Protein chains: 2
Amino acid sequence: MDDGVQHPTPDPVVEAVRQIRAHGERVTVARTAVLRVLADADEHLSADAIFAAVSRAAPGVHRTTIYRALDALERLDLVAFTRLRHDAATYHLAGHLVGGTHVLVRCRLCGTVSHAPGDLLDEVASRLAAEQGFALDPTAVALTGRCETCTKHVGPLDHTHVNKPPRHP
Amino acid sequence: MDDGVQHPTPDPVVEAVRQIRAHGERVTVARTAVLRVLADADEHLSADAIFAAVSRAAPGVHRTTIYRALDALERLDLVAFTRLRHDAATYHLAGHLVGGTHVLVRCRLCGTVSHAPGDLLDEVASRLAAEQGFALDPTAVALTGRCETCTKHVGPLDHTHVNKPPRHP
DNA sequence: CGTCCATATGCAACAGTGTCGCATCTGGCC
DNA sequence: GGCCAGATGCGACACTGTTGCATATGGACG
């Protein structure tokens with residue numbers, strides 16, 4: 001293992017598999033299939049979507065196994081997930097496997113999800129590390145609020161009297 | 001008693017009710033009960049816990065109504081919720097109703113949830129506002145990562161056999 | 001105060017997501 | 001090849017949140 005040198009991993013799956021082995025966990029077809037699916041799709045996927053994709057590549061893998069594989073991979077810090085509103089969780093490879101990271105930003109009103117630069121939370125991460133020894137994973141964060149459009153449309157939410165439009169549909 | 005002077009709202013429920021009316025929405029017993037419960041409990045509550053508490057104060061309110069009330073209140077920016085891991089959503093009054101805010105910080109490995117000061121995300125909020133016009137709600141954010149204790153243990157989880165013990169019975 | 005209508009609620013059944021127990025199979029190692 | 005802890009297949013389950021429809025209620029207006 002040449003962990004001393006920092007070189008870009010050509011295939012995150014290879015690196016992930018190596019880490020699974022390094023931790024004494026088993027490398028199975030289901031787990032590699034999940035990793036491959038997540039690596040190929042560079043967007044966040046629901047467990048159901050992962051199940052569908054894995055079934056295509058390796059038929060016979062059960063739905064439950066997907067969940068268990070995702071759980072195992074998450075404990076190994078190879079996979080993370082976020083929750084937007086009440087929808088299903090969306091999984092993705094951990095940030096340290098894919099280099100580029102981004103932070104999810106969701107508008108509570110219109111539901112639109114956009115991306116913010118990955119370094120957005122760098123200072124927050126530093127502060128958490130210094131004050132609590134907490135290692136933040138920026139890729140697993142979903143920031144909730146109101147997007148520009150909705151803020152303009154609905155109006156400022158401060159306590160200054162909201163101008164109530166007469167009920168006209 | 002209430003003039004133009006800006007002073008902290010004594011009762012967030014009163015303020016919330018005022019805003020419901022100001023938006024032309026209806027003030028119902030279910031909605032006020034939900035607000036009251038959330039205001040009394042200064043911690044985050046699951047929908048089920050809210051249902052139980054509301055049932056005590058105003059029996060006869062249906063479970064579905066709790067969800068619909070929470071949904072309506074959320075659209076009015078009076079209530080927000082967070083999702084920790086795969087558990088149920090936990091609801092709370094919007095930050096602007098209750099002066100003090102805090103940010104939830106969760107360790108992915110041990111599951112411990114701690115609080116960070118509410119101003120932790122101030123800079124992030126400013127940046128999002130400036131760059132995207134996005135109004136962040138810091139109280140609706142759950143930061144995921146690894147706590148100090150788990151990081152020191154270096155291993156991903158409890159069964160961390162990084163260096164495998166010789167296995168023979 | 002009484003009427004009216006949009007909408008909030010009660011009710012029950014449903015949908016989706018994730019979990020559990022147990023028998024069987026497989027990966028890693030001898 | 002053979003062994004065994006751990007992973008998987010399978011089914012059934014638990015839980016959270018949603019929907020359609022009939023009815024009750026809020027609040028505005030006369």
Side-chain angles (χ1 to χ4, degrees), chain A residues 17-18 20-35 44-52 54-55 58-76 79 81-91 111 164-169, chain B residues 17-18 20-35 44-52 54-55 58-76 79 81-91 111 157-161 163-169:
Chain A
V17 165
R18 182 174 6 200
I20 295 176
R21 254 189 254 276
H23 282 277
E25 298 262 340
R26 291 189 184 170
V27 177
T28 67
V29 285
R31 291 178 179 179
T32 22
V34 167
L35 287 170
H44 300 209
L45 293 178
S46 70
D48 193 61
I50 297 172
F51 172 56
V54 167
S55 294
V61 175
H62 200 267
R63 199 173 62 93
T64 304
T65 303
I66 302 293
Y67 283 105
R68 286 197 270 230
L70 286 170
D71 191 59
L73 294 172
E74 190 204 349
R75 289 198 312 265
L76 292 171
V79 163
F81 72 90
T82 55
R83 297 275 250 162
L84 296 178
R85 207 175 159 71
H86 294 299
D87 302 334
T90 53
Y91 301 82
K164 170 192 180 308
R167 328 146 97 246
H168 60 88
Chain B
V17 165
R18 201 167 65 93
I20 295 175
R21 254 188 255 276
H23 279 276
E25 299 263 341
R26 290 189 185 170
V27 177
T28 68
V29 285
R31 292 178 178 180
T32 17
V34 167
L35 288 170
H44 300 205
L45 293 178
S46 70
D48 193 61
I50 297 172
F51 172 55
V54 167
S55 294
V61 175
H62 201 268
R63 201 172 62 95
T64 304
T65 305
I66 302 293
Y67 283 104
R68 286 197 270 230
L70 287 170
D71 192 61
L73 294 172
E74 190 205 347
R75 287 198 312 268
L76 292 171
V79 162
F81 71 90
T82 56
R83 296 276 248 160
L84 297 178
R85 208 176 158 71
H86 294 299
D87 302 333
T90 54
Y91 300 82
L157 191 63
D158 44 69
H159 50 277
T160 58
H161 304 346
N163 29 4
K164 302 176 56 88
R167 32 181 274 94
H168 63 79

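Letters A, B, ... are given to chains in the order of the sequence lines, protein chains preceding strands, and every chain is numbered from 1. The structure displayed is predicted, hence computed values, not measured ones.
- Atom OH in A/Tyr91 sits roughly 10 Å away from atom P in C/dT17 (whole-Å rounding).
- At the heavy-atom level, A/Ala47 lies under 4.0 Å from the strands shown only through sugar-phosphate atoms.
- Here B/Asp71 pairs with A/Arg85, B/Arg75 under the salt bridge (charged side-chain N to carboxylate O under 4.0 Å, His left out) rule; sequence neighbours left out.
- Protein atom CD1 of A/Ile50 is 13 Å distant from nucleotide atom C1' of C/dT17, rounded to whole Å.
- Of the two residues contacting DNA chain D, namely B/Ser46 and B/Glu25, the nearest-nucleotide position lying further toward the 5' end is that of B/Ser46.
- Separating the CG atom of B/Leu76 from the P atom of C/dA8 is a distance of 10 Å, rounded to the nearest angstrom.
- The CG-P distance, from B/Asp87 to D/dA14, rounds to 18 Å in whole Å.
- When distances are taken from the side chain of B/Thr28 to each of C/dT9, C/dG10, D/dT18, the shortest belongs to C/dT9.
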Atom pairs under 3.5 Å, N or O on each side, protein against nucleotides 12-16 of chain C: can you list them with distances?
| residue | atom | partner | partner atom | Å |
| --- | --- | --- | --- | --- |
| C/dA12 | N6 | B/Thr64 | OG1 | 3.0 |

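- The side-chain hydrogen bond (donor to acceptor under 3.5 Å, both in side chains) search around B/Thr82 returns B/Thr90, not counting sequence neighbours.
- Residue A/Val61 is in sugar-phosphate contact alone, with no base atom involved, counting any heavy-atom pair closer than 4.0 Å across all strands shown.
- Across all strands, B/Ala89 comes closer than 4.0 Å only to sugar-phosphate atoms, never to a base (heavy-atom distances).
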**Request:** Tell me, with the steps shown, if A/Thr32 and A/Thr28 meet side chain to side chain contact (heavy atoms under 4.5 Å, CB included).
**Result:** CA-CA 6 Å; A/Thr32 22; A/Thr28 67; 5.6 Å; no
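- For B/Arg31, the listed nucleotide lying nearest its side chain is C/dA8; candidates were C/dG28, C/dA8, C/dT17.
- Judged by atom type and distance alone, A/Arg26 reaches the base of D/dG6 through a side-chain donor-acceptor pair under 3.5 Å.
- Using a 4.0 Å heavy-atom distance criterion, A/Arg83 is classed as a sugar-phosphate-only contact.
- Between B/Arg21 and D/dG27 there is a side-chain polar atom (N or O) within less than 4.0 angstrom of OP1 or OP2.
- Between the two ends of the helix from C/dC1-D/dG30 to C/dC30-D/dG1, each summarised by a five-pair axis, the helix axis turns through 40° (rounded to 10 degrees).
- Nearest approach of B/Val61 to B/Ala30, heavy atoms of both residues: CG1-CB, 4.2 Å.
- B/Asp71 has its CG atom 18 Å from the P atom of D/dT16, to the nearest Å.
- With sequence neighbours excluded, no residue forms a side-chain hydrogen bond (donor to acceptor under 3.5 Å, both in side chains) with B/Asp87.
- Among residues two or more places apart in sequence or in another chain, the ring pair (Phe, Tyr, Trp, His ring centres under 6.0 Å) test is passed with A/His62 by none.
- Heavy atoms of A/Ala30 sit under 4.0 angstrom from primed sugar atoms or phosphate atoms, though from no base atom.
- Rounded to whole angstrom, the span from the CG atom of A/Leu84 across to the C1' atom of C/dT17 amounts to 15 Å.
- Taking the side-chain hydrogen bond (donor to acceptor under 3.5 Å, both in side chains) definition, one finds that A/Arg26 meets it with nothing, sequence neighbours left out.
- With sequence neighbours left out, the ring pair (Phe, Tyr, Trp, His ring centres under 6.0 Å) criterion links A/Tyr67 to no other residue.
- A/Tyr91 is linked by a ring pair (Phe, Tyr, Trp, His ring centres under 6.0 Å) to A/Phe81, counting only residues two or more places apart in sequence or in another chain.
- At the phosphate of D/dG17, OP1 or OP2 sits under 4.0 Å from a side-chain N or O atom of B/Tyr67.
- Counting heavy atoms from C-beta outward, A/Ile20 and A/Leu35 have side chains that approach closer than 4.5 Å.
- Counting to the nearest Å, the C1' atom of D/dG9 and the CZ atom of A/Phe51 are 11 Å from each other.
- Side-chain atoms of A/His86 lie closest to D/dT18 of the nucleotides D/dT18, D/dT8, C/dG10.
- Both B/Val29 and B/Arg85 lie near DNA chain C, and the one whose nearest nucleotide falls closer to the 5' end is B/Val29.
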